[in-house]
Amino acid sequence: MGAQYNQLAVPPQAHAPARRAGLLPLAEALEIEASGDGAFTGMPHMGRPPRAFGGVTLAQALLAAGRTVDGGRRPHSLHAYFLRSVAPEAPVSYEVERLRDGSSYAARQVAARQDGMSVLSLSASFKKPENTLDRQAKMPGAPAPHDCDAPYEVMARERPERYAASVIPRVVDLRLVAPDADEEAARAEGMSRQRCWLRAARPLPDEPLLHAAALAYLSDLTLSPTAALPWEPHGARRTRPPAVMFASLDHAMWFHRPARADAWPLYAQHTTSLSDGRATTRGELWSQEGELVASALQEALIRHRAATT
């Protein structure tokens with residue numbers, strides 16, 4: 001198990017000819033520019049209006065941290081707090097503090113600011129690869145990606161104006177796995193589970209750090225919305241105003257094995273707790289070959305909109 005990063009070549013036929021117009025490279029959406037020693041700048045994009053998508057800031061902060069680390073080390077974990085909502089039209093600055101550079105591990109702290117205000121605080125750790133024991137749990141079953149519902153393709157066809165005005169549906173391929181009996185029962189009890197396939201809509205360069213950042217971006221896309229499934233469908237399927245208000249509070253992620261973010265990882269997610277206006281949801285990202293490549297854990301503010309009026 002555990003393909004090496006120097007084998008990150010695009011798998012044959014990983015991307016069929018685009019069926020949606022206006023697809024954009026995720027690499028461009030995540031791009032950051034150096035603006036000084038340990039300082040970088042990136043642009044966010046819209047998520048759930050009127051806020052920017054938090055996954056952009058999360059991924060760009062990881063990229064900024066990784067740009068200051070020896071290229072032989074891979075990110076293995078991150079822990080982030082979303083401190084304020086991000087406006088989609090203004091740049092975000094990232095300031096990286098070098099906390100430690102050991103023989104195996106390196107640690108970085110990143111402060112993300114917009115208009116002088118702190119919006120995200122991220123700690124990330126990087127390490128050199130080791131040849132050691134390799135064990136994991138069993139991958140959950142799921143139909144192949146192309147046998148599952150494609151909500152962004154439906155959006156492009158049936159709501160073209162909304163699709164053209166959005167960024168996420170044009171940088172991400174998403175396939176929603178039809179819920180099985182256990183998932184249906186969990187949703188009925190208000191403790192939802194879901195599986196989905198997702199990937200960068202266009203192939204990414206063979207840069208290990210970029211693929212890790214792209215996985216962080218993807219991991220934020222459906223994790224908190226999983227908790228809202230008992231009350232509203234996925235945003236691409238929603239035809240009415242949202243019934244639930246949610247916003248990410250923090251996000252943790254562990255990178256277990258090298259993986260491509262453009263080769264259809266399966267994302268298995270389940271909400272473990274709803275209390276005190278907060279939802280906690282876990283997620284596991286699996287390669288199509290059955291490798292557990294990353295785990296995520298997120299807590300989000302969640303409220304029924306009727307309760308806020």
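Every value quoted in this text rests on a predicted model; they were computed, and no experiment measured them.
A donor-acceptor contact under 3.5 angstrom links the side chains of S224 and Q298, judged on distance only. Side-chain contact check for Y94 and Q60: at least one donor-acceptor pair (N or O, by modelled atom type) lies under 3.5 Å. With hydrogens and angles left out, the side-chain atoms of Q269 and T222 include a donor and acceptor closer than 3.5 Å. Side-chain contact, T281 with T271: a donor N or O sits under 3.5 Å from an acceptor N or O. A donor-acceptor contact under 3.5 angstrom links the side chains of H256 and S295, judged on distance only. For S125 and H79, the side-chain atoms include no donor-acceptor pair closer than 3.5 Å.
At distances below 3.5 Å, not a single donor-acceptor pair connects side-chain atoms of E183 with backbone N or O atoms of R193. A donor-acceptor pair is defined here as one N or O able to donate and one able to accept, closer than 3.5 Å; such a pair exists between the side chain of S192 and the backbone of T226. Distance alone, capped at 3.5 Å, places no donor-acceptor pair between the R98 side chain and the A106 backbone. Between the H211 side chain and the P205 main chain, a donor and an acceptor come within less than 3.5 Å of each other. The backbone N or O of G55 lies less than 3.5 Å from a partner atom in the side chain of D220, making a donor-acceptor pair. A distance-only check finds a donor-acceptor pair linking the side chain of Q114 to the backbone of A90 [under 3.5 Å]. Listed for the W197 side chain is a donor-acceptor partner under 3.5 Å among the backbone atoms of P143. A distance-only check finds a donor-acceptor pair linking the side chain of R108 to the backbone of T68 [under 3.5 Å]. Not one N or O on the side chain of R74 forms a donor-acceptor pair closer than 3.5 Å with the backbone of P258. Judged by distance alone, with hydrogens and angles left aside, the side-chain atoms of R73 form a donor-acceptor pair with the main-chain N or O of S104 at under 3.5 Å.
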| Verdict with supporting geometry, D173 and L198, side-chain contact (heavy atoms from CB on, under 4.5 Å) | CA-CA 5 Å; D173 269 339; L198 69 180; over 6 Å; no
| query | Are R175 and D147 close enough, and set up right, to give a salt bridge (Lys or Arg N to Asp or Glu O under 4.0 Å), and what steps lead you there? | reply | CA-CA 8 Å; R175 300 290 187 273; D147 292 330; over 6 Å; no
| task | Before giving the answer on side-chain contact (heavy atoms from CB on, under 4.5 Å), spell out for V293 and W286 the whole-Å C-alpha distance, their side-chain angles and the decisive distance to 0.1 Å. | result | CA-CA 6 Å; V293 298; W286 301 81; over 6 Å; no
| message | Let's go through L249 and R278 carefully: what are the C-alpha distance in whole Å and the side-chain angles of both, what is the deciding distance for side-chain contact (heavy atoms from CB on, under 4.5 Å) to 0.1 Å, and is it a yes or a no? | response | CA-CA 9 Å; L249 296 172; R278 295 171 293 129; 4.0 Å; yes
| Full working for salt bridge (Lys or Arg N to Asp or Glu O under 4.0 Å) between R257 and D134 | CA-CA 10 Å; R257 295 169 179 83; D134 196 334; 2.6 Å; yes
| field | R157/Y163 under side-chain contact (heavy atoms from CB on, under 4.5 Å): CA gap, chis, key distance, verdict | value | CA-CA 9 Å; R157 184 173 62 251; Y163 173 79; over 6 Å; no
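Q288 places a side-chain heavy atom less than 4.5 Å from the side chain of P145. Contact annotation: the side chain of F126 never approaches that of D70 to less than 4.5 Å [non-hydrogen atoms, C-beta and beyond]. Side-chain contact check for M253 versus L285: some heavy-atom pair is nearer than 4.5 Å. Residues I32 and T41 have side chains not in contact (no heavy-atom distance under 4.5 Å, counting atoms from C-beta outward). With contacts defined as side-chain heavy-atom distances shorter than 4.5 Å, the pair L223/H251 qualifies. Between F255 and L62 the shortest side-chain heavy-atom distance falls below 4.5 Å. In this structure the side chain of M245 never reaches within 4.5 angstrom of the side chain of H304, judged on heavy atoms. In this structure, L176 and R195 have side chains that are not in contact, with every pair of non-hydrogen atoms separated by 4.5 Å or more.
Between the CG atom in L218 and the OH atom in Y267 there is a gap of 9.0 Å [rounded to 0.5 Å]. Atoms CD and CG, from Q194 and L229 in turn, are 5.0 Å apart once rounded to the nearest 0.5 Å. Once rounded to the nearest 0.5 Å, the distance linking CG of L297 with CG of D250 reads 7.5 Å. The distance from the CE atom of M43 to the OG1 atom of T57 is 10.5 Å, given to the nearest 0.5 Å. For the atom pair CD of E299 and OG1 of T280, the computed distance is 4.5 Å after rounding to the nearest 0.5 Å. Rounding to the nearest 0.5 Å gives a distance of 4.5 Å between CH2 of W264 and CZ of R199.
Annotation: E158, atom CD; neighbour count of heavy atoms from other residues, nucleotides and ligands within 6.0 Å is above 12. Around the CZ atom of R282, the shell of radius 6.0 Å holds no more than 12 heavy atoms that belong to other residues, nucleotides or ligands. Heavy-atom contacts from other residues, nucleotides or ligands closer than 6.0 Å to CZ of R170 number more than 12. D276 CG: more than 12 foreign heavy atoms inside a 6.0 Å radius.
Using a 4.0 Å cut-off between charged nitrogen and carboxylate oxygen, E291 and K138 do not count as a salt-bridge pair. Between E207 and R67 there is a salt bridge, since at least one side-chain N of the basic residue sits less than 4.0 Å from a carboxylate O of the acidic one.
Heavy-atom minimum distance, A216 versus L78: CB-CD2, 4.3 Å. Shown here for V119 and S85, the closest heavy-atom pair between the two residues is CG1-O, 4.3 Å. The shortest non-hydrogen separation linking A243 to E232 is N-OE1, 2.7 Å.
Taking R51 as the reference, nothing meets the salt bridge (charged side-chain N to carboxylate O under 4.0 Å, His left out) condition, with sequence neighbours excluded.
The salt bridge (Lys or Arg N to Asp or Glu O under 4.0 Å) contacts involving residues 118-133 comprise K127-E130, where partners must be two or more places apart or lie in separate chains.
Y81 belongs to a hydrophobic cluster whose other members, connected by ILVMFWY side-chain contacts under 4.5 Å either directly or through intermediates, are L83.
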